[in-house]
Amino acid sequence: MNILYRSTRSDAAPITASAAILKGLSPDGGLFVPETIPALKKPLSCLAGLSYQELAYEIMSAYFTDFTEEELRSCIENAYDSKFDTEKIAPLVKKDGLYYLELFHGSTIAFKDMALSILPHLMVTSARKNGVKNEIVILTATSGDTGKAAMAGFADVPGTKIIVFYPHGGVSNIQRLQMATQRGENTHVAAINGNFDDAQTAVKKMFNDKALAAELGEHGFQFSSANSINIGRLVPQIVYYVYAYCQLLSSGEIAEGDFINITVPTGNFGNILAAYYAKLMGLPVRKLICASNKNKVLTDFFDTGLYDRKRPFMLTSSPSMDILISSNLERLIYRLTGNDSGKTLAFMQDLTDKGSYTITDEMREGLGDFVGGCASEEENFAGIKALYERTGYVIDTHTGIANAVCRAYMEKTGDTTPTVIASTASPFKFAEAVVGAIAPEKLEGKSDFELIDLLSDLSGTKEPFAITDIRTAPVRHKTVVDAEDMPADVKQFLGI
């Protein structure tokens, strides 16, 4: 079956997967969604015997139907290779009654590697398939992890440049160093005076600026996106949820057809949306537990049907979730409207103009697959510490939010369904916060790298290469700009 992609905001003609990957964002400001969600092609018992790469082909080929088998397999082989420190790519670890899906074994030790390792190859292939002669300029905003993972993927890829903006003072020092030391002549990083939402809003404005697009085109450039709004980011994320189920099946933890729950620490809603798509494909998922930190705009949405970004923005120990505008939620809203682009556009316009929107009662009935929950800093740290003391297993502060929300949900409901937690980052990426949770008495006076050494001792694990690398790598990117000056910074980097 040939799958085409439509915008969530207009009735424009559908386009191919490669064209949607290349554009990133629809010209009308909407997000691309598949016209239909394909079903799993094979029984889960058959998929359970496949390697990650083989399973990735089974899932992605159902969505990227204009790619040849050779093209897609080449993208997958180039993505999921020795840059991951485990052959399993995404191992599943059982601790204290829950299953932690470790998505941090890639080159930047965060789950963004899972999709951003393949996106550059999908993008370059898509450009070739669509006869694009311009140089592709990847423009992205990051709350911490996307930027580094995108730059690592696109660094020195011919025919591309990548520009990343992140909130000044709004990421961990390790995240900042990972970005600031990024190699590659085609990479540019700038901190902005503002938060992630300011950066993302400014990036979206640049995508929708027709005059800027024309100016770029005159100089041989065109924008595309590596954010989770790109369908080429979203589809690869579906793979690891199916893979988690297959691992449970292979190990005898569940039988084929048994239901699981999936808990995801969520900011921009892309990672949990991929789990939802997996469910729509036929994966037996009972509940999708959407875990938020103190910036609980999504928890309130699932509780009330009101999405309201008009609230204080809070900086937390889980910075990649410090988000008040969850861009990927638009794809779910579109589905809840019955794929009505006019209604979806009206909701998004209300969000822009009024700062909020309220879905209808009928739409709320479609949210039954989801449960929203949030955890405070204290609940997060207490959960990290309790898990460590019971098992010796150390999780990062984003996984900690999911852990706390999941356990609170199970205690409240008595739901004993086997539950997979998306473990989205290595604890080494947030060493100060993690040490503060499990051994606060040892925290005082230590530098970032002393804390990493301490965490290595406490966890009994060797620090990842991504950390070893930034100990000595020179800082290459030092730019700080105001949000309104981001377009000028882009043009300066491109030499326009």
Side-chain angles (χ1 to χ4, degrees), residues 24 107-113 115-116 119 137-155 161-184 186-207 223-230 233 267-268 270-271 293 295 313-328 396-398 424-426 429-430 432-433 448 466-467 470 473 475-490 492-493:
S107 55
T108 71
I109 55 177
F111 84 99
K112 307 293 175 75
D113 289 325
L116 285 167
L119 184 60
V137 179
I138 303 301
L139 182 65
T140 193
T142 184
S143 57
D145 288 336
T146 290
K148 172 60 182 180
M151 286 189 291
F154 280 93
K161 291 187 185 298
I162 179 161
I163 302 170
V164 171
F165 294 100
Y166 69 92
H168 191 41
V171 301
S172 76
N173 192 46
I174 294 298
Q175 287 176 312
R176 182 190 65 80
L177 282 171
Q178 282 191 301
M179 289 187 280
T181 58
Q182 177 62 51
R183 301 171 183 87
N186 64 337
T187 66
H188 176 68
V189 189
I192 74 147
N193 293 311
N195 61 38
F196 169 75
D197 289 333
D198 297 326
Q200 181 162 259
T201 297
V203 164
K204 282 188 173 182
K205 282 182 180 177
M206 281 190 272
F207 271 108
F223 282 143
S224 192
S225 169
N227 273 67
S228 58
I229 55 176
N230 193 312
R233 272 276 307 273
N268 216 18
N271 203 6
N293 61 21
N295 294 291
F313 181 89
M314 301 184 190
L315 295 175
T316 74
S317 62
S318 47
S320 297
M321 299 163 65
D322 291 345
I323 293 173
L324 295 179
I325 303 174
S326 302
S327 294
N328 266 291
D396 89 294
T397 45
H398 301 76
T424 52
S426 165
K429 199 156 192 171
F430 304 93
E432 181 178 3
D448 285 318
I467 297 295
I470 61 172
V475 172
R476 299 183 64 244
H477 306 278
K478 302 176 183 178
T479 304
V480 181
V481 298
D482 292 330
E484 59 266 28
D485 295 327
M486 286 165 58
D489 186 59
V490 167
Q492 182 176 345
F493 172 64

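All values below come from the heavy atoms of this structure, side chains included, with hydrogens, waters and symmetry mates left out.
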Enter the distance from Leu139:CG to Lys161:NZ here, rounded to the nearest 0.5 Å. 14.0 Å
Are His188 and Asp489 close enough that some pair of their side-chain heavy atoms sits under 4.5 Å apart? yes
Distance in Å, Thr397 OG1 paired with Glu432 CD, rounded so as to fall on 0.5 Å steps: 10.5 Å
Minimum heavy-atom distance Phe430-Ser317, with the two atoms named: CD2-O, 4.5 Å
Rounded distance [0.5 Å steps], OG in Ser320 versus NZ in Lys112: 5.5 Å
For Pro487 against Met206, the heavy-atom pair lying closest together: CA-SD, 3.7 Å
Count the heavy atoms belonging to other residues, nucleotides or ligands that lie under 6.0 Å from NE2 of His477, then report whether that count exceeds 12. yes
Please tell me if the side chains of Ser224 and Asn230 come closer than 4.5 Å, counting only heavy atoms from C-beta onward. yes
Is the shortest side-chain heavy-atom distance between Phe165 and Asp198 below 4.5 Å? no
Could you report the tightest heavy-atom contact between Ser107 and Ala152, atom names first, then the distance? OG-CB, 4.1 Å
Looking at side-chain heavy atoms only, is the closest gap between Phe111 and His398 below 4.5 Å? no
Can you check whether Ile174 reaches Asp448 side chain to side chain, under 4.5 Å on heavy atoms? yes
Gln175 side chain reached by Thr142 side chain, heavy atoms, under 4.5 Å: no
Is there a donor-acceptor contact under 3.5 Å from the side chain of Asn295 to the main chain of Leu324? no
So Asp197 and Ile323, side-chain contact (heavy atoms from CB on, under 4.5 Å) or not? Walk me through it. CA-CA 7 Å; Asp197 289 333; Ile323 293 173; 3.8 Å; yes
Decide if atom CD of Glu484 counts as having more than 12 heavy atoms of other residues, nucleotides or ligands within a radius under 6.0 Å. yes
For the pair Arg233 (side chain) and Ala226 (backbone), establish whether a donor and an acceptor sit closer than 3.5 Å, ignoring hydrogens and angles. yes
Side-chain H-bond candidate by donor/acceptor type, Gln178 with Thr108, under 3.5 Å: no
Output for pair (Thr201 OG1, Phe196 CZ), nearest 0.5 Å, gives 8.5 Å
Interatomic spacing from NE2 in His168 to CG in Asp482 - rounded to 0.5 Å: 10.5 Å
Tell me the closest heavy-atom pair linking Leu116 and Ala149, and the distance in Å. CD1-CB, 3.5 Å
Nearest-0.5 Å distance that lies between atom CD1 in Ile163 and atom CG in Asn186: 10.0 Å
Side chains of Phe223 and Val490: closer than 4.5 Å at any heavy-atom pair? yes
How about Asp322 and Phe313: do any of their side-chain heavy atoms sit closer than 4.5 Å? yes
Could you go through Val164 and Gln182, starting from their C-alpha distance and side-chain angles, then the distance that decides it, and tell me whether this counts as side-chain contact (heavy atoms from CB on, under 4.5 Å)? CA-CA 11 Å; Val164 171; Gln182 177 62 51; over 6 Å; no
List the atom of Met151, the atom of Ile162, and the distance in Å for their closest heavy-atom pair. N-CD1, 3.6 Å
Heavy atoms only: give me the nearest Ser327-Lys204 pair and the separation to one decimal. OG-NZ, 3.3 Å
